Amino acid sequence: MRTFVEVYRQRSISGAARNLNLTQPAVSQHIAGLEVAIGRPLFERQVRGVTPTTAADELAADIGDKLDAVEAAMSSARARSMELAGALQIIGHADFLAEVVSPHLLPLLEVGIRVRMQTGSSDFVNQMVIEGHCDLGITAFPTSDKRLHCELIRSERVLAVAAPSVADRMTQAASLEKALAQEPLLAYNLEIPLIDSWAAKNKLNLGPLVPALIGQDLRALRSLLCRGFGWTVLPEYLCLDHLQRGELKEVPASTGAGALNYYLVWTPSALRQARVAHARQALLWHLKA
């Protein structure tokens, strides 16, 4: 049944074999045996991968996450009785890993887990976790890939911020929309989803904006803001201390702050490793508190 679930998720005999540490013939035998027991074909073989039949869809719906829950429980039990030492690969947004996640890694380090952190955008995070290069991922976008599970771990307010002199200049302008368009914009990427979301929430029509600077570590943007250059939208964890010290100032708008959610992502098969199951539960416990 575990083999069926893995093939169903991966849509691939070879992909399931890799995750299960089995040979491809063994996986094919498992599926063939299950098809004989059920009396109906479960997959149609394609040139690349397999396509589930209606019988497979129905069986997968009946199983749901039951097998994953059992394996997670067994991994937790093993974690309480065996050595957890080993390397844990975590990938996520650089600023969130540094500012939010790192302080909560101490309990893992103290029990002998070696942590290796990598950084990347949301698509890269998902790819690295799916391919098994990383055990856990943290992303600002929920995943729709059926090979991954994700859980919300943090919801952060997002604020438009600038240096006090820049924020005051924009606030005192006759039109906030025009003032924002005239100041240099700093952004995470060219698509500027965080800025567009904030503008839409506050019913501001900023028109097409071309960032003066793009940086995928938001701390780089914050550094320039504190030196009096430009404006951007940041999650509160990155700017709260600077706002309190007067190094930054919020650009007020009619509706106010929006929200940015962060998610922990993993593959169910990764939870077979005791240290990954333990680390996932520890991070969920601490980051959701």
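Just so you know, these numbers come straight off a predicted model, no measurement behind them.
Hydrophobic clustering keeps Tyr263 apart from Leu238 (ILVMFWY residues linked when any side-chain heavy atoms are closer than 4.5 Å, directly or through intermediates). Cluster annotation: Leu186 is not connected to Ile214 through the hydrophobic network of ILVMFWY side chains, with a link wherever side-chain heavy atoms come within less than 4.5 Å. Transitive grouping of hydrophobic side chains (ILVMFWY, heavy atoms separated by less than 4.5 Å) brings Ile38 and Phe43 into a common cluster. Linking Ile, Leu, Val, Met, Phe, Trp and Tyr whenever their side-chain heavy atoms come within less than 4.5 Å puts Leu225 and Tyr237 in one cluster. Hydrophobic clustering (side-chain heavy atoms under 4.5 Å, transitive across Ile, Leu, Val, Met, Phe, Trp, Tyr) groups Val158 together with Leu224.
In this structure, NE2 on His286 lies 10.0 Å from CD on Gln281, to the nearest 0.5 angstrom. Summarising the geometry, atom CG belonging to Leu88 is positioned 8.0 Å from atom CG belonging to Leu105; distances are rounded to the nearest 0.5 Å. Summarising the geometry, atom CE belonging to Met117 is positioned 12.0 Å from atom SG belonging to Cys134; distances are rounded to the nearest 0.5 Å. With rounding to the nearest 0.5 Å, the separation of CG in Asp57 from CG in Asp62 is 11.0 Å. How far SG of Cys239 is from CD of Gln244: 10.0 Å, rounded to the nearest 0.5 Å. Expressed to the nearest 0.5 Å, how far CZ of Phe229 lies from CD of Glu183 amounts to 9.0 Å.
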Practice item. Might you work through the side chain to side chain contact (heavy atoms under 4.5 Å, CB included) test for Glu58 and Arg40, ending with a clear yes or no? Key: CA-CA 12 Å; Glu58 292 171 350; Arg40 299 170 67 186; 3.5 Å; yes

Exercise for review: Just do the side chain to side chain contact (heavy atoms under 4.5 Å, CB included) check on Ser269 and Arg9 with the steps written out, would you?
Suggested key: CA-CA 11 Å; Ser269 58; Arg9 285 175 173 154; over 6 Å; no

Exercise for review: Please test Glu151 against Leu284 for side chain to side chain contact (heavy atoms under 4.5 Å, CB included), starting from the C-alpha separation and ending with a verdict.
Suggested key: CA-CA 8 Å; Glu151 188 164 339; Leu284 288 174; 3.8 Å; yes

Practice item. Before giving the answer on side chain to side chain contact (heavy atoms under 4.5 Å, CB included), spell out for Leu159 and Leu243 the whole-Å C-alpha distance, their side-chain angles and the decisive distance to 0.1 Å. Key: CA-CA 11 Å; Leu159 311 171; Leu243 290 169; 3.7 Å; yes

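Among Val161, Ile195, Ile192, the single residue meeting the side-chain contact (heavy atoms from CB on, under 4.5 Å) criterion with Val233 is Ile195.
Looking only at side-chain heavy atoms (C-beta outward), Arg222 and Leu248 come within less than 4.5 Å of each other. A heavy-atom distance below 4.5 Å is found between the side chains of Arg2 and Arg272. With a 4.5 Å cut-off on side-chain heavy atoms, Pro235 and Arg154 do not count as touching. When side chains are defined from C-beta on, Leu264 does not count as touching Leu287, because their heavy atoms never get closer than 4.5 Å. The shortest distance between side-chain heavy atoms of Phe4 and Ile31 falls below 4.5 Å. Between Leu204 and Trp198 the shortest side-chain heavy-atom distance falls below 4.5 Å. Proximity of Thr267 to Arg147: side-chain heavy atoms (C-beta onward) are nowhere separated by under 4.5 Å. Counting heavy atoms from C-beta on, the side chains of Ile153 and Leu283 never come closer than 4.5 Å.
The minimum heavy-atom distance linking Val166 with Gly228 is given by the pair CG2-O, 3.6 Å. Taking every heavy atom of both residues into account, Arg275 and Ala87 meet most closely at NE-O, 2.8 Å. Looking at every heavy atom in both residues, Leu221 comes nearest to Gly215 through CD1-O, 3.6 Å. Minimum heavy-atom separation, Pro41 to Thr53: O-OG1, 2.8 Å. The heavy-atom pair separating Ala162 from Ala167 by the smallest distance is CB-N, 4.0 Å. The heavy-atom pair separating Pro252 from Leu176 by the smallest distance is O-CD2, 3.6 Å.
For the pair Glu156 (side chain) and Leu260 (backbone), a donor-acceptor distance under 3.5 Å is absent. The backbone N or O of Leu180 sits less than 3.5 Å from a side-chain atom of Trp231, completing a donor-acceptor pair. Checked by atom type and distance alone, the side chain of Asp95 pairs as donor or acceptor with a backbone atom of Leu218 at under 3.5 Å. Looking only at distances, no side-chain donor or acceptor of Asn261 sits under 3.5 Å from a matching main-chain atom of Ser155. In this structure, His93 contributes its side chain and Ala140 its backbone to a donor-acceptor pair below 3.5 Å.
With respect to Glu250 and Arg157, no salt bridge is recorded, no charged nitrogen being found less than 4.0 Å from a carboxylate O.
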Determine all donor-acceptor pairs shorter than 3.5 Å in which one atom belongs to a side chain in residues 13-27; sequence neighbours excluded.
unit_1: Ser14; atom_1: OG; unit_2: Ser12; atom_2: OG; d: 3.0
unit_1: Asn19; atom_1: ND2; unit_2: Glu6; atom_2: OE2; d: 3.0
unit_1: Thr23; atom_1: OG1; unit_2: Ala26; atom_2: N; d: 3.2

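Taking a 4.5 Å side-chain heavy-atom cut-off between Ile, Leu, Val, Met, Phe, Trp and Tyr, the cluster of Val125 extends to Ile91, Phe124, Met128, Val129, Ile130, Leu148, Val265.
Within the structure, the side chain to side chain donor-acceptor pair (under 3.5 Å) test picks out the following pairs touching residues 209-220 (sequence neighbours left out): Asp217-Arg219.
Side-chain atoms of Ser165 and Arg169 include no donor-acceptor pair closer than 3.5 Å. Remark: the Arg48 side chain and the Gln46 side chain contain no N/O donor-acceptor pair separated by less than 3.5 Å.
For the pair Arg11 and Tyr8, the cation sits on the ring face: its NZ or CZ lies under 6.0 Å from the ring centre, inside 45° of the axis.
For Arg227, the CZ atom counts as loosely surrounded, since its 6.0 Å shell holds 12 or fewer non-hydrogen atoms of other residues, nucleotides or ligands.
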